Participant: 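Here it is, the structure, as structure tokens.
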2 protein chains.
Amino acid sequence: MSETQNDTFVTGYLLYLLAASSEQASAQFHDHVRARGLRVPEWRVLACLVDNDGMMITRLARLSLMEQSRMTRIVDQMDARGLVTRVADSNDKRRVRVRLTAEGRDLAEALVKDARRHETRLLSALADTDAARIKGVLRTLLDVLDRPDAT
Amino acid sequence: MSETQNDTFVTGYLLYLLAASSEQASAQFHDHVRARGLRVPEWRVLACLVDNDGMMITRLARLSLMEQSRMTRIVDQMDARGLVTRVADSNDKRRVRVRLTAEGRDLAEALVKDARRHETRLLSALADTDAARIKGVLRTLLDVLDRPDAT
DNA sequence: TCGATTTATATGATTTTTCATATTTTCAGC
DNA sequence: GCTGAAAATATGAAAAATCATATAAATCGA
């Protein structure tokens, strides 16, 4: 008994399993993203914009799971780098719409393709039953959490 | 069609579902942790140490999903605050064992109790089938990711 | 048992992230 | 059409995280 192993709580704790799964499942792809010269938050922005170009900063922040002020600065940098442009919303002058540039779109589409491939590989490493269930379970969890009575 | 909604990729992407689930499922409890005067990484350290007191920094970092140098500084702060103490390992002088103080242990045990309660509530908000499956699916995913041939 | 390698931790410098709050614009009710 | 509240974004200052690397101890092989 060289290394006393209790590990009774953390390892079985739902929030740990979620954090660890997310972290570890993403690690490889995030390396790929960085190899392509992007930081992870930037990749998230690109992915959101491929789905729906011209999102406003606030929504981009919510979807990308980060704070608004941080998103403002990330958009700054991506703008400076020529991946996106800021466009004033004509109806509501408070809003800033973020649009992909041609370069941004190319990069985004290439990475989405890579992401899909990676996801397929990941799912195929799971048993069929697990692969079939995982997304549904997570979506259900997210739905439940969205309800105001959540907890 | 006021807000053009495509949302074809991100919302259904496994790595997004994992990150979002983790983020959102944890949000409430993390607020609780902060209300108790701890930052999230500190709570993670306490939770690990309740399971297995005297872990070394490196292992603590791996389990808490963070970098070693970051963990060194977090342990510094927790030490300064009286939650843990550093103990030199007698067999291997490179190692630093992190031990809970009495105060640290009290806080840790209280929070673990809260965490378990919170987890129970969370799981009971899911349908029985989902609740029964979620941990298993995540554990399987983690197992697969641990294998060297992972992807 | 010496030297090269690996492992564990620490630290300086830089970059990110956060927090609080300012600014600007819209909206709701009167 | 005013006024106060709410929403969207930006920004300065502070705290935290990262990256590269230093230091020190253990281990492995010839």
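Keep in mind that what you see is a predicted model, and the values were worked out from it rather than measured. Below, chain A is the first sequence line, B the second, and so on; all start at residue 1.
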Participant: Taking for each residue the nucleotide of DNA chain D bearing the nearest heavy atom, is the 5' side occupied by B:Ser90 or by B:Met66?
Facilitator: B:Met66
Participant: Could A:Asp114 and A:Arg117 be called an ion pair, given the rule that one side-chain N must be under 4.0 Å from one carboxylate O?
Facilitator: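 Salt bridge between A:Asp114 and A:Arg117, a charged N being under 4.0 Å from a carboxylate O: yes.
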Participant: What's the verdict on side-chain contact (heavy atoms from CB on, under 4.5 Å) for A:Ile74 and A:Glu42, showing C-alpha distance, side-chain angles and the deciding distance?
Facilitator: CA-CA 7 Å; A:Ile74 286 165; A:Glu42 294 173 328; 4.1 Å; yes
Participant: Extract, from 5' to 3' on DNA chain C, the first and final nucleotides lying under 4.0 angstrom from some heavy atom of chain A.
Facilitator: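 It runs C:dT16 to C:dT26.
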Participant: Can we say A:Arg97 and A:Asp53 salt-bridge, meaning some charged N sits less than 4.0 Å from an Asp/Glu carboxylate O?
Facilitator: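 No, this pair does not count.
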Participant: Hey, is the main chain of B:Phe9 close enough, under 3.5 Å, to the side chain of A:Asp51 for a donor-acceptor pair?
Facilitator: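 The answer is yes, because a donor-acceptor pair under 3.5 Å joins these two groups.
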Participant: Please report, rounded to the nearest Å, how far the C1' atom of D:dA26 is from the CG atom of B:Asn91.
Facilitator: 12 Å
Participant: Heavy-atom nearest nucleotide on DNA chain C for A:Lys93 versus B:Arg34: which residue maps closer to 5'?
Facilitator: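 Per heavy-atom nearest nucleotide, the more 5' residue is B:Arg34.
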Participant: Using atom CG of A:Asp92 as one end and atom P of D:dA6 as the other, report the distance to the nearest whole Å.
Facilitator: 17 Å
Participant: In the 5'-to-3' direction, what one-character label does each nucleotide of nucleotides 9-15 of chain D receive under the scheme B = base within less than 4.0 Å of a protein heavy atom, S = sugar-phosphate only, - = no such atom?
Facilitator: BBBBB--
Participant: Please check if the side chain of B:Ser22 supplies one atom and the backbone of B:Leu18 the other of a donor-acceptor pair under 3.5 Å.
Facilitator: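 No, the answer is negative, given that no donor and acceptor are paired below the 3.5 Å cut-off.
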Participant: Checking side chain to side chain donor-acceptor pair (under 3.5 Å) for the pair B:Arg39/B:Gln77: CA distance, chi angles, key distance, verdict?
Facilitator: CA-CA 11 Å; B:Arg39 287 170 307 160; B:Gln77 296 170 324; 2.5 Å; yes
Participant: Should B:Met71 and B:Val45 be marked as a side-chain contact (heavy atoms from CB on, under 4.5 Å) after you check the CA-CA gap, both sets of side-chain angles, and the distance that decides it?
Facilitator: CA-CA 9 Å; B:Met71 181 56 75; B:Val45 169; 3.6 Å; yes
Participant: Of all heavy-atom pairs between B:Trp43 and B:Ala108, which one has the smallest distance, and what is that distance?
Facilitator: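 Reported closest heavy-atom pair: CZ3-O, 4.5 Å.
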